[in-house]
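To start, the structure under review is shown below, and the notes come after it.
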Amino acid sequence: EVHLVESGGGSVQAGGSLRLSCTASGFTFDAADMGWYREAPGNECEMVSIVGSEAGTYYRDSVKGRFTQSQDNAKSTLYLQMNNLTPEDTAVYYCATLLPRGGVTCGVEGVGIGSRGQGTQVTVSS
């Protein structure tokens, strides 16, 4: 059974940084396409980042140069380093396994969400 657990969220002021972590189990982590997406109240989900052999590398325009997705295969852990945060980054962040799929998911074409964690809240104040 796939199990994803996010941590590292919190409240920061604009310009601050956070590093989200996602511990994975139940599948071959280093072979999976992984990503982060976010949901803010009243908004549709937004794909934030993707790194994978099939899905390639993707960063949402608004986070390019500020966010970096990485992973430690030995620890089966996915990270999202977020720098220079803005109030517009406020959302619940989810890590997810990604699968090739027709259509559009969270603004990205050609991928779908396989499994996701419970999410971690990020709140950025001005």
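Below, all heavy atoms of this structure are taken into account, side chains as well, without hydrogens, waters or symmetry copies.
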Value for OG (S76) from CG (D30), rounded to nearest 0.5 Å, stands at 7.5 Å
Measure the spacing between CG of L18 and CG of L85 and express it to the nearest 0.5 Å.
-> 5.5 Å
Path from V12 to M82 over hydrophobic side-chain contacts below 4.5 Å = yes
Transitive ILVMFWY side-chain link V108 to V92, under 4.5 Å = yes
D72 (side chain) donor-acceptor with K75 (main chain) under 3.5 angstrom = yes
Contacts of Y94 that satisfy ring-ring contact (aromatic ring centres under 6.0 Å, His included) - sequence neighbours left out = Y37
Any idea which heavy atoms bring S126 and P87 closest together, and the distance?
-> CB-CG, 3.9 Å
With side chains defined as the heavy atoms from C-beta onward, is the minimum distance between C106 and E46 less than 4.5 Å?
-> no
Residue pair R38, R60: steps toward the side chain to side chain contact (heavy atoms under 4.5 Å, CB included) verdict | CA-CA 11 Å; R38 64 190 182 188; R60 183 176 185 80; 4.0 Å; yes
Look at atom CD of Q118 and say whether more than 12 heavy atoms of other residues, nucleotides or ligands are closer to it than 6.0 Å.
-> yes
If only atom types and distance count, is the side chain of D33 paired as donor or acceptor with the main-chain N or O of A55 below 3.5 Å?
-> yes
T120 and E6 side chains, donor-acceptor separation under 3.5 Å | no
When rounded to the nearest 0.5 Å, the distance separating OG of S70 from CG of L78 is 7.0 Å
Closest heavy-atom pair and its distance - F67, V48 | CD2-CG1, 3.5 Å
How long is the gap from SG on C45 to CD on E39, to the nearest 0.5 Å?
-> 5.5 Å
Do any N or O atoms from the side chain of T105 and from the backbone of V111 form a donor-acceptor pair under 3.5 angstrom?
-> yes
Please check if any side-chain donor atom of S17 sits under 3.5 Å from a side-chain acceptor atom of N83, or the reverse.
-> yes
Using modelled atom types only, decide if a donor and an acceptor are shared between the side chain of S21 and the backbone of S7 within a distance under 3.5 Å.
-> no
Has the side chain of W36 got a donor or acceptor atom that lies under 3.5 Å from a matching backbone atom of Y79?
-> yes
With sequence neighbours excluded, what pairs up with R66 under the salt bridge (Lys or Arg N to Asp or Glu O under 4.0 Å) test?
-> D89
Q121 side chain to T90 backbone, donor-acceptor under 3.5 Å = no
Applying the 4.5 Å side-chain criterion to the ILVMFWY set and letting contacts propagate, would L80 and V51 be lumped into a single cluster?
-> no
Find the distance between CZ (R116) and CG (L4) and round it off to the nearest 0.5 Å.
-> 10.5 Å
Does Y93 belong to the same Ile/Leu/Val/Met/Phe/Trp/Tyr cluster as V2, with side-chain heavy atoms less than 4.5 Å apart forming each link?
-> yes
Under a 4.5 Å cut-off applied to non-hydrogen side-chain atoms, are L98 and M34 in contact?
-> no
